[in-house]
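Chain letters run A, B, ... following the sequence lines, proteins first and then strands; every chain starts at 1.
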Amino acid sequence: MPLYFFNTMNRSREEFRPLKENEAGMYTCGPTVYNFAHIGNFRAYIFEDLLRRTLKYFGYKVIQVMNLTDVDDKTIRDSQKAGISLNEYTAKYKKAFFEDLAFLNVEPAEHYPAATDHIPEMIKLIQMLQEKGFAYKAEDGSIYYSIAKFPEYGKLAKIDMENQKSGVRVKTDEYAKDAVADFALWKAWDEKDGDVAWESPWGKGRPGWHIECSAMSMKYLGNTFDIHTGGIDNMFPHHEDEIAQSEAANGCRYVNYWLHCAHLIVNGEKMSKSLGNFFTLKDLKEKNFTGPEIRWILLSAHYRKKLNFTFEDCEKAKALLKKFADFFLRLKTVEKAGKISDKMSEIVKSAQNSFKDAIGDDLNISEAVAALFGLEREANKLMDSGEITKEEASLILEQFKDFDKVLGVLNVDGQEEKIPEEIEELAGRRQAARKSKNFAEADAIRDELKRKGWVLEDTAKGPRLKKIS
RNA sequence: GGCGUGGUAGCCAAGUGGUAAGGCGGGAGUCUGCAAAACUCUUACUCACCGGUUCGAAUCCGGUCCACGCCUCCA
């Protein structure tokens, strides 16, 4: 089954053809570790996780690289403010970042290179650019990339630099550049940097932002690799600059497939640190939302569509996952003996095909999830009519585990809550009252159970207790 | 100002030339002592608006309006 992605470079849906058979190299722009990431940031990381899992689902071995930007204006500024070293400061947020990824069930990437661990690689790359004439040293001692030397500049963002001049503001501290859109490869040290500096052929300083991704992707994935992703806001100038650097230095194409995810929005506006309209995972945890619930929300809209975040949707996600959990428990109670019918094999196989078709079509999550609902309804129907066997129920559960390899939200093997003795006993008394047609008491006990956090449902096989989450 | 993305039911959301998936919510029913759960049926003659192309358009083309994003650190 072919896999398709929407390639930002050509603005079209293309069949994925990796450089190496059965292997996909993927570079995903990671966080700047100066603060806790917010859920808008996590939308991107979850999209990348979905992409990663989809590639694996289609049989590819994935080599994923996610950079950690641990030196830039903000990390320097805030570490100074905190009165601790840059490393000490960023270590705290690196740790928090990995904890958050784990909470959201994001599979670890193969490499998490930090910028500060790759200064020599960056220096080497800048030297290559200098030798080839793409870089120049400005009056302030910084090294800049000359966009004029790279005619293809703007090909990703479809920006024609000729028409860009009027709107671009010029920062006063960047007076030294030849052209406004030229960007820094190496920033000469100034006193605001404090003790953050590395020796280089151009003197003391630190790398520019874009160079780390070019240098590190080259090191871990090669001069040309398959997939590069990030938020749409990274498309310009960051990814455009990466292309300029890498292609100028290596003389070959940088990336074959560019995938960008749209923003998480709040009340119609982009969720961002600067607007202050953001929520962190901590905020949501305090409201009792779980990792799978948050993951579901961030996953449930197509990655190239803006996703409006609301707490109402969080509640819906909670209810939806609860429904699936109940469904799995119900399947596990099936005891009827018998083989798997052809009809059942057909139903399950067809659901899997629909799912795979959809997720392989540029990660069409809506259609993919529709396959889950379809299979759930079929299974419920058959359980209602008692037509389903234990083996068939297992087959369905296995299929949901298969779906969850990609989705990572279902917890099919989730254990039923242990029922406390007190609750068990109340349920027993209620059943006795019910048998003797003392419905008033039976209902009263059911209400009491509800107050204690347990819902009692009468099924064909007798009462069933469910914990209210 | 330049560039880009998008506007589909009460809400969320697929569908990109062949006659509107799915979820939530609403309505009616089956089951039940009653609930709950589950199931069944139902809920857009219509896809922001106006023209055009076509046997046929939500899908293609032109225009208009609206929203958001990028052009400055940003997932």
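- Two residues are said to be in side-chain contact when any heavy atoms from C-beta on lie closer than 4.5 Å; A/Ile46 and A/Arg295 meet this criterion.
- For the C1' atoms, the distance from B/C73 to B/G23 is 38 Å, rounded to whole Å.
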Fill in the blank from the handout: Counting primed atoms, P, OP1 and OP2 as sugar-phosphate and everything else as base, the B/S/- map of nucleotides 32-43 of chain B against protein heavy atoms under 4.0 Å is -BBBBSBSS---

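- B/C65 is paired with B/G7 under the criterion used here, namely a Watson-Crick or G-U wobble arrangement in which both key atom distances are under 3.5 Å.
- Using a 4.0 Å heavy-atom distance criterion, A/Phe42 is classed as making no nucleic acid contact.
- Following rounding to the nearest Å, A/Lys74 (NZ) and B/U72 (P) show an atom-to-atom distance of 15 Å.
- If you measure from atom CZ of A/Phe327 to atom P of B/G23, you get 13 Å, rounded to the nearest angstrom.
- Nucleotide B/G56 forms no Watson-Crick or G-U wobble pair with any nucleotide shown, as no partner meets the under 3.5 Å limit on both distances.
- Checking A/Thr75 against A/Asp72 by side-chain atom types alone, a donor-acceptor pair falls below 3.5 Å.
- Summarising the base pairing, B/G25 is matched to B/U43 through a Watson-Crick or G-U wobble pair whose two defining distances lie under 3.5 Å.
- Aromatic ring centroids of A/His118 and A/Tyr220 lie under 6.0 Å apart.
- At a threshold of 4.0 angstrom between heavy atoms, the contacts of A/Leu264 include nucleobase atoms, whether or not backbone atoms are also involved.
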Identify all side-chain donor-acceptor contacts of residues 423-433 of chain A below 3.5 Å with residues at least two apart in sequence or on another chain.
residue, atom, partner, partner atom, Å
A/Arg430, NH1, A/Asp458, OD1, 2.8
A/Arg430, NH1, A/Asp458, OD2, 3.4
A/Arg430, NH2, A/Asp458, OD2, 3.1

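- For B/G10 and B/G6, the P atoms lie 24 Å apart once the distance is rounded to whole Å.
- Between the side chains of A/Asn67 and A/Thr69, at least one donor-acceptor pair of N or O atoms lies under 3.5 Å.
- The gap from the P atom of B/G22 to that of B/U40 amounts to 11 Å, rounded to the nearest Å.
- Scored by the ring-ring contact (aromatic ring centres under 6.0 Å, His included) test, A/Tyr303 finds A/Phe47 as partners (sequence neighbours excluded).
- Residue A/Met383 is out of contact with every strand shown, counting any heavy-atom pair closer than 4.0 Å.
- Between A/Gly374 and A/Cys261, the one whose closest nucleotide on RNA chain B sits nearer the 5' end is A/Gly374.
- The side chain of A/Phe236 approaches B/C71 more closely than any other nucleotide in the set B/G69, B/C71, B/A21.
- A ring-centre distance under 6.0 Å is found for A/Phe97 and A/Tyr45.
- In this structure, the ring-ring contact (aromatic ring centres under 6.0 Å, His included) partners of A/Phe355, at least two apart in sequence or on a different chain, are A/Tyr57, A/Phe403.
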Could you list the donor-acceptor pairs under 3.5 angstrom formed by side chains in residues 255-275 of chain A, with sequence neighbours left out?
residue, atom, partner, partner atom, Å
A/Tyr257, OH, A/Glu15, O, 3.0
A/Tyr257, OH, A/Arg17, N, 2.9
A/His260, ND1, A/Thr8, OG1, 2.8
A/His260, NE2, A/His239, ND1, 2.8
A/His263, NE2, A/Asp233, OD2, 3.2
A/Lys270, NZ, A/Asp233, OD2, 3.4
A/Ser272, OG, A/Ser274, OG, 3.4
A/Ser272, OG, A/Leu275, N, 3.2
A/Lys273, NZ, A/Phe36, O, 3.1

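- Counting all heavy atoms, side chain and backbone alike, A/Ala301 lies closest to A/Ile365 at C-CG2, 3.7 Å.
- To the nearest whole angstrom, the two C1' atoms, one in B/C41 and one in B/C49, are 36 Å apart.
- The closest side-chain heavy-atom distance from A/Gln245 to A/Phe183 is below 4.5 Å.
- Base engagement by A/Ala262 is indicated by at least one non-hydrogen atom pair under 4.0 Å involving a base atom.
- With both pairing distances under 3.5 Å, B/U16 is matched to nothing as a Watson-Crick or G-U wobble pair.
- For B/A58 and B/A14, the C1' atoms lie 12 Å apart once the distance is rounded to whole Å.
- A straight line from NZ of A/Lys155 to C1' of B/C71 spans 20 Å, rounded to a whole angstrom.
- The separation of B/G15 from B/A48, taken at their P atoms, amounts to 15 Å, rounded to a whole angstrom.
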Fill in the blank from the handout: Going 5' to 3' through nucleotides 4-17 of chain B and flagging B where a protein heavy-atom sits under 4.0 Å of the base, S where only the sugar-phosphate is that close, and - otherwise, we get SB-------SSS--

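- The pairing partner recorded for B/A37 is none, the criterion being a Watson-Crick or G-U wobble arrangement whose two distances lie under 3.5 angstrom.
- Using the Watson-Crick or G-U wobble rule with both distances under 3.5 Å, B/C31 pairs with nothing in any strand shown.
- Residue contacts shown for A/Gly40 include a base, since a base heavy atom lies under 4.0 Å away.
- Going from atom CG of A/Leu375 over to atom P of B/G23 covers 13 Å, rounded to whole Å.
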